[in-house]
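Some notes on the structure that comes next.
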Amino acid sequence: MNRRQKKLVANIVVVITFTVAMVAGFANMKNLINRSEAMRAMELLGGEILSYRQTYGSLPSENYVKQFAEQIGVVRLSDFQYRAQWIEYGSDPNATVLACAEKKYKGLVKSGAVVLWLSGKVEWISKKHFCKIMESQRQRQELKWIQEH
């Protein structure tokens with residue numbers, strides 16, 4: 001191989017390496033942005049739920065929450081679960097999940113869930129931890145309903 005061919009091969013390798021690194025970087029950046037937007041949307045939803053709770057003394061219905069979500073356009077929470085109907089009176093606000101949305105990502109951003117606690121706190125938790133929490137909070141009636149639907 002002459003010098004010109006070696007330089008061409010080296011340039012091709014550099015360009016391919018740079019392109020792969022940029023694609024992987026942008027894919028991870030997209031996942032980070034989607035995760036932060038889902039958390040922001042859940043915070044907006046939590047603010048409205050807590051406002052309703054302070055005004056009326058109870059949690060709003062699922063229909064009310066879904067309509068509010070559509071009204072503000074929370075596209076990053078398209079398939080969230082609102083669990084007010086399964087929460088018992090006197091539940092611990094810091095240990096009871098009020099709403100959640102599972103998110104599946106590949107790459108550096110790991111899959112997990114955006115969780116709104118009954119206290120109004122929003123956080124991102126790992127999928128394994130989320131499954132453990134939900135398993136402990138689901139009651140027999142809820143499990144039966146999930147199986148039927």
Side-chain angles (χ1 to χ4, degrees), residues 1-54 59-87 91-139 142-149:
M1 237 192 245
N2 64 26
R3 190 180 341 150
R4 192 171 169 200
Q5 289 173 329
K6 288 179 185 178
K7 190 174 181 180
L8 180 63
V9 169
N11 285 340
I12 290 173
V13 168
V14 167
V15 167
I16 289 174
T17 304
F18 179 74
T19 303
V20 168
M22 291 302 290
V23 167
F26 281 125
N28 285 309
M29 181 73 75
K30 178 190 75 127
N31 289 342
L32 279 172
I33 291 169
N34 285 340
R35 185 176 90 174
S36 67
E37 282 296 311
M39 290 186 65
R40 186 187 67 79
M42 189 66 86
E43 287 172 358
L44 290 173
L45 205 61
E48 178 65 19
I49 291 169
L50 292 178
S51 168
Y52 184 98
R53 186 177 185 185
Q54 286 178 341
L59 292 170
S61 67
E62 185 172 358
N63 190 34
Y64 178 86
V65 173
K66 297 280 184 180
Q67 284 180 350
F68 179 75
E70 286 178 17
Q71 179 184 354
I72 62 172
V74 290
V75 294
R76 302 291 189 252
L77 289 179
S78 59
D79 195 22
F80 69 93
Q81 295 177 2
Y82 181 64
R83 304 189 66 251
Q85 65 187 8
W86 307 110
I87 297 175
S91 296
D92 181 11
N94 294 317
T96 305
V97 175
L98 178 57
C100 56
E102 285 189 71
K103 299 293 179 184
K104 296 176 183 167
Y105 297 121
K106 294 179 181 174
L108 296 177
V109 179
K110 301 297 180 196
S111 295
V114 179
V115 175
L116 171 63
W117 299 98
L118 189 55
S119 64
K121 184 174 105 177
V122 175
E123 69 178 336
W124 177 265
I125 58 176
S126 69
K127 186 174 183 173
K128 185 177 179 181
H129 186 60
F130 173 71
C131 290
K132 193 184 318 180
I133 290 171
M134 291 307 293
E135 187 177 306
S136 70
Q137 291 189 9
R138 287 200 170 121
Q139 301 167 352
E142 184 179 2
L143 292 173
K144 184 179 177 184
W145 185 85
I146 289 171
Q147 288 173 350
E148 290 174 0
H149 295 87

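The structure presented is a predicted model; accordingly, all values stated were derived computationally and were not measured.
The structure places OH of Tyr64 at 3.5 Å from CD of Glu48, a figure rounded to the nearest 0.5 Å. Rounding to the nearest 0.5 angstrom, the gap separating the NZ atom in Lys132 from the OG atom in Ser126 is 8.0 Å. Leu116 CG to Lys121 NZ: the interatomic distance, rounded to the nearest 0.5 Å, is 11.0 Å. Considering CG of Asn34 and CE of Met29, their distance stands at 12.0 Å, rounded to 0.5 Å. For the atom pair Met42 CE and Trp124 CH2, the distance stands at 10.5 Å (nearest 0.5 Å).
Contact detail for Ala84 and Pro60: the closest heavy-atom pair is CB-O, 4.2 Å. Between Phe68 and Leu44, the shortest heavy-atom contact is CE2-O, 3.8 Å. Shown here for Trp117 and Val97, the closest heavy-atom pair between the two residues is CZ3-CG2, 3.6 Å. Among all heavy-atom pairs drawn from Leu118 and Leu50, the shortest one is O-CD2, 4.0 Å. Between Leu59 and Arg53, the shortest heavy-atom contact is CD2-CD, 3.9 Å. When all heavy atoms of Tyr105 and Ser111 are compared, the pair lying nearest together is N-OG, 2.9 Å.
No more than 12 heavy atoms of other residues, nucleotides or ligands lie within 6.0 Å of CG in Asp79, so this atom counts as exposed by the packing criterion. Atom CD of Glu135 is surrounded by 12 or fewer heavy atoms from other residues, nucleotides or ligands within 6.0 Å. When the shell of 6.0 Å around CG of Leu108 is examined, it contains 12 or fewer heavy atoms from other residues, nucleotides or ligands. Other residues, nucleotides and ligands contribute more than 12 heavy atoms inside 6.0 Å of the NZ atom of Lys66.
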>> Please determine whether side-chain contact (heavy atoms from CB on, under 4.5 Å) holds for the pair Tyr82 and Ile49, giving the CA-CA distance in whole Å, both sets of side-chain angles, and the decisive distance to 0.1 Å.
In response: CA-CA 11 Å; Tyr82 181 64; Ile49 291 169; 3.6 Å; yes
> Where do Gln81 and Met134 land on the side-chain contact (heavy atoms from CB on, under 4.5 Å) test, with the steps shown first?
Replying inline: CA-CA 11 Å; Gln81 295 177 2; Met134 291 307 293; 4.2 Å; yes
>> Please determine whether side-chain contact (heavy atoms from CB on, under 4.5 Å) holds for the pair Arg35 and Val109, giving the CA-CA distance in whole Å, both sets of side-chain angles, and the decisive distance to 0.1 Å.
In response: CA-CA 9 Å; Arg35 185 176 90 174; Val109 179; 4.2 Å; yes
> Checking side-chain contact (heavy atoms from CB on, under 4.5 Å) for the pair Met22/Phe18: CA distance, chi angles, key distance, verdict?
Replying inline: CA-CA 6 Å; Met22 291 302 290; Phe18 179 74; 3.7 Å; yes
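When each of Val14, Val15, Leu8 is tested with Ile12 by the rule side-chain contact (heavy atoms from CB on, under 4.5 Å), just one qualifies, namely Leu8.
Counting heavy atoms from C-beta outward, Lys127 and Lys110 have side chains that stay 4.5 Å or more apart.
Ion pair Glu43/Arg40 not flagged as a salt bridge, since none of the NZ, NE, NH1 or NH2 atoms sits closer than 4.0 Å to an Asp/Glu carboxylate oxygen.
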